[in-house]
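Reviewing the structure listed below.
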2 protein chains.
Amino acid sequence: MQDKLFDFISKYISLSDDEKSTLLSLDIFHSVKKGTTLLKEGQNSKESYFVLKGCIRTYYIIDGEEKTTAFYTEMDALTPHCVLSKAPSEYFISCVEDSFLTVSNSDMEVEINSKFPKFEIMCRKLSEELLAKERFNFDEFKTSSPEQRYLNLLQKRPDLIQRVPQHQLASYLGIKPQSLSRLRARILEKKS
Amino acid sequence: MQDKLFDFISKYISLSDDEKSTLLSLDIFHSVKKGTTLLKEGQNSKESYFVLKGCIRTYYIIDGEEKTTAFYTEMDALTPHCVLSKAPSEYFISCVEDSFLTVSNSDMEVEINSKFPKFEIMCRKLSEELLAKERFNFDEFKTSSPEQRYLNLLQKRPDLIQRVPQHQLASYLGIKPQSLSRLRARILEKKS
DNA sequence: ATAATCCGTTCACTTAAGTTAAGAAATGCG
DNA sequence: CGCATTTCTTAACTTAAGTGAACGGATTAT
């Protein structure tokens with residue numbers, strides 16, 4: 001499973017065996033059970049996550065209702081907003097499935113980055129790439145209707161629709177669960 | 001005006017006078033007239049922008065209609081998706097107002113980053129911060145109605161509503177211009 | 001095993017956004 | 001300056017999402 005991490009890293013920089021073992025010595029690999037809450041609203045966490053297997057989600061509680069805004073699956077990285085802002089978290093992070101993650105601390109990252117400048121380079125490339133992707137996804141969201149967004153998701157992340165509860169998917173698509181149900185029924189009708 | 005750039009940079013790293021003059025020698029400062037198109041769909045650009053004064057926007061043309069998805073104003077940085085993906089651009093970038101920008105080339109950035117590791121650090125910090133912000137904005141968008149999004153914009157970027165045409169604002173809010181007009185009339189009614 | 005809770009779907013009704021069209025106001029250009 | 005184009009608003013109508021409620025089916029807890 002560690003190799004998955006190294007495969008991912010190799011897309012950005014090349015690591016020596018020495019550097020690899022330094023990474024492994026940090027004890028960042030963790031197995032997390034479905035339903036576990038990794039971060040709560042109001043907490044001041046310094047932890048970042050990288051999903052090797054499984055799925056985690058971020059959600060807000062607004063007027064007592066859960067609003068899921070993002071899913072992170074295999075090879076997705078998440079540094080919560082509160083880690084950078086050093087302010088209490090506005091949202092929760094929880095485990096959608098039994099998952100295998102790397103969990104790293106921002107102090108630890110600062111240390112590694114200063115020891116291995118390579119690492120700094122990887123982080124820059126990765127966050128630049130993720131920023132561009134995030135902007136693109138946001139653009140797509142803005143320019144399409146709920147139905148188009150659902151069809152788009154069906155194309156791009158068909159796995160999500162299988163592995164995630166409908167009501168979480170609904171808020172991810174920016175609508176209510178009932179609307180998602182109706183929308184799906186409408187699509188099925190059209191096909192026939 | 002250059003000082004504005006250095007003030008911005010100083011939030012992330014400290015530059016020596018030597019480094020400052022190296023930066024200035026690169027001839028990255030440009031004045032751009034309102035209406036100028038900086039990037040066209042299909043182009044393979046390597047240029048990134050930083051807005052010192054003015055406003056630029058990204059927009060798509062979908063079914064012959066302009067869809068504005070983002071505005072970049074004072075102290076905003078934009079590296080277009082196509083620069084990183086090295087694929088033709090999916091969108092246009094144009095100048096909303098007469099503006100003063102820095103325009104930098106990705107080859108130039110690679111060179112600077114290798115000469116000044118400090119710069120690499122700044123880029124990492126900046127893109128991490130922007131990524132967190134972008135995700136937060138996306139979350140807000142998903143979890144609110146068009147009316148809430150407009151009211152939120154009124155709070156957070158009141159200047160935009162003044163300086164940008166309504167029909168561009170509308171698609172930025174994910175709705176049609178007619179709906180924005182109606183929505184504003186509705187809000188005015190409520191207030192009275 | 002049974003009760004309780006949660007989840008997804010359906011329905012009827014309300015509300016708001018999309019669509020089409022028309023006209024007024026502002027802007028740009030010859 | 002006046003004409004043309006673009007932009008903004010309004011209106012009537014259509015379509016889709018929000019709301020509240022009810023129903024089975026599944027999952028969880030007791």
Side-chain angles (χ1 to χ4, degrees), chain A residues 33-37 55 57 59 61-68 71 92 94-98 141-154 160-192, chain B residues 33-37 55 57 59 61-68 71 92 94-98 141-154 160-192:
Chain A
K33 281 276 161 221
K34 174 177 176 173
T36 308
T37 300
C55 178
R57 61 187 252 264
Y59 65 97
I61 293 187
I62 298 173
D63 299 331
E65 265 190 86
E66 261 189 35
K67 304 267 189 175
T68 299
F71 297 101
F92 297 77
S94 94
C95 220
V96 176
E97 303 171 343
D98 289 353
F141 193 95
K142 275 183 185 167
T143 57
S144 53
S145 66
E147 184 170 328
Q148 288 172 320
R149 296 200 282 258
Y150 177 77
L151 292 169
N152 189 38
L153 193 68
L154 214 51
L160 265 195
I161 291 163
Q162 300 309 318
R163 63 207 286 197
V164 159
Q166 297 293 316
H167 67 282
Q168 291 176 13
L169 262 188
S171 50
Y172 180 68
L173 294 169
I175 57 177
K176 302 283 164 186
Q178 297 93 317
S179 298
L180 178 55
S181 261
R182 179 170 40 199
L183 180 160
R184 297 177 72 193
R186 201 165 62 219
I187 290 169
L188 278 176
E189 237 177 52
K190 280 185 194 165
K191 276 191 187 163
S192 62
Chain B
K33 282 272 161 222
K34 175 176 176 174
T36 308
T37 299
C55 177
R57 62 188 252 263
Y59 64 96
I61 294 188
I62 298 173
D63 299 332
E65 265 190 86
E66 261 189 34
K67 305 267 189 176
T68 298
F71 297 101
F92 297 77
S94 94
C95 220
V96 175
E97 303 170 344
D98 289 353
F141 193 94
K142 275 182 185 169
T143 55
S144 53
S145 66
E147 185 171 325
Q148 289 172 319
R149 296 199 284 257
Y150 177 77
L151 291 170
N152 188 39
L153 193 67
L154 213 51
L160 263 194
I161 290 161
Q162 301 308 318
R163 65 208 284 198
V164 158
Q166 298 292 318
H167 67 282
Q168 290 175 14
L169 263 188
S171 50
Y172 180 68
L173 294 169
I175 57 177
K176 302 283 164 186
Q178 298 92 319
S179 299
L180 178 54
S181 262
R182 180 170 40 198
L183 180 159
R184 297 176 72 195
R186 201 166 59 221
I187 289 170
L188 279 176
E189 238 178 52
K190 280 184 196 168
K191 276 191 187 164
S192 61

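So you know, we letter chains A, B, ... as the sequences are listed, proteins then strands, and number each from 1. Only a predicted model underlies this, so the values are computations on that prediction, with no experimental measurement involved.
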Would you indicate, yes or no, if [N] has its OP1 or OP2 atom less than 4.0 angstrom from a side-chain nitrogen or oxygen of [X]?
X        : N      : result
A:Ser179 : D:dG18 : yes
B:His167 : D:dC8  : yes
A:Arg182 : C:dG8  : no

Does the side chain of [Y] come within less than 4.5 Å of [X]'s, by heavy atoms?
X        : Y        : answer
A:Leu151 : A:Glu147 : yes
B:Leu173 : B:Pro146 : no
A:Tyr172 : A:Leu160 : yes
B:Leu154 : B:Ile187 : no

Starting from [atom2] on [N], measure out to [atom1] on [X] and report it in whole angstrom.
X        : N      : atom1 : atom2 : answer
A:Tyr150 : C:dG8  : OH    : P     : 12 Å
B:Arg186 : C:dT15 : CZ    : P     : 11 Å
A:Gln178 : D:dA22 : CD    : C1'   : 12 Å
B:Leu169 : D:dT6  : CG    : P     : 20 Å
A:Lys176 : C:dC7  : NZ    : P     : 15 Å
B:Leu188 : D:dT10 : CG    : P     : 9 Å
A:Arg184 : D:dA17 : CZ    : C1'   : 17 Å
B:Leu183 : D:dT9  : CG    : C1'   : 14 Å

Next on the checklist: Over the length of the helix from C:dA1-D:dT30 to C:dG30-D:dC1, how much do the five-pair end axes diverge, rounded to 10 degrees?
Outcome noted: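 Rounded to the nearest 10 degrees, the bend comes out at 50°.
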
Checklist entry - Should the ring pair B:Phe141 and A:Phe141 be called parallel, tilted or perpendicular, given that the plane angle runs from 0 to 90° and is split at 30 and 60? => result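 Plane angle over 60°, so perpendicular.
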
Next on the checklist: Which nucleotide wins on minimum distance to the side chain of B:Ile175, given the candidates D:dT10, D:dA17, C:dA17?
Outcome noted: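 Among D:dT10, D:dA17, C:dA17, the one nearest the side chain of B:Ile175 is C:dA17.
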
Item to check | Minimum-distance nucleotide to B:Gln166 side chain [options: C:dG8, D:dA16, D:dT9] | outcome: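 Selected nucleotide: D:dT9.
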
Checklist entry - When B:Glu97 is tested against each of B:Lys33, B:Lys34, B:Arg163 for side chain to side chain donor-acceptor pair (under 3.5 Å), which residue passes? => result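 Checked B:Lys33, B:Lys34, B:Arg163 against B:Glu97; only one passes side chain to side chain donor-acceptor pair (under 3.5 Å): B:Arg163.
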
Next on the checklist: Here's a test of your reading of the structure: between B:Lys34 and B:Gly174, which maps to the more 5' nucleotide of DNA chain C?
Outcome noted: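 The residue mapped nearer the 5' terminus is B:Gly174.
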
Next on the checklist: If I take atom NZ from residue B:Lys176 and atom OG from residue B:Ser181, how far apart are they, to the nearest 0.5 angstrom?
Outcome noted: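 Atom-to-atom, B:Lys176:NZ and B:Ser181:OG are 14.0 Å apart.
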
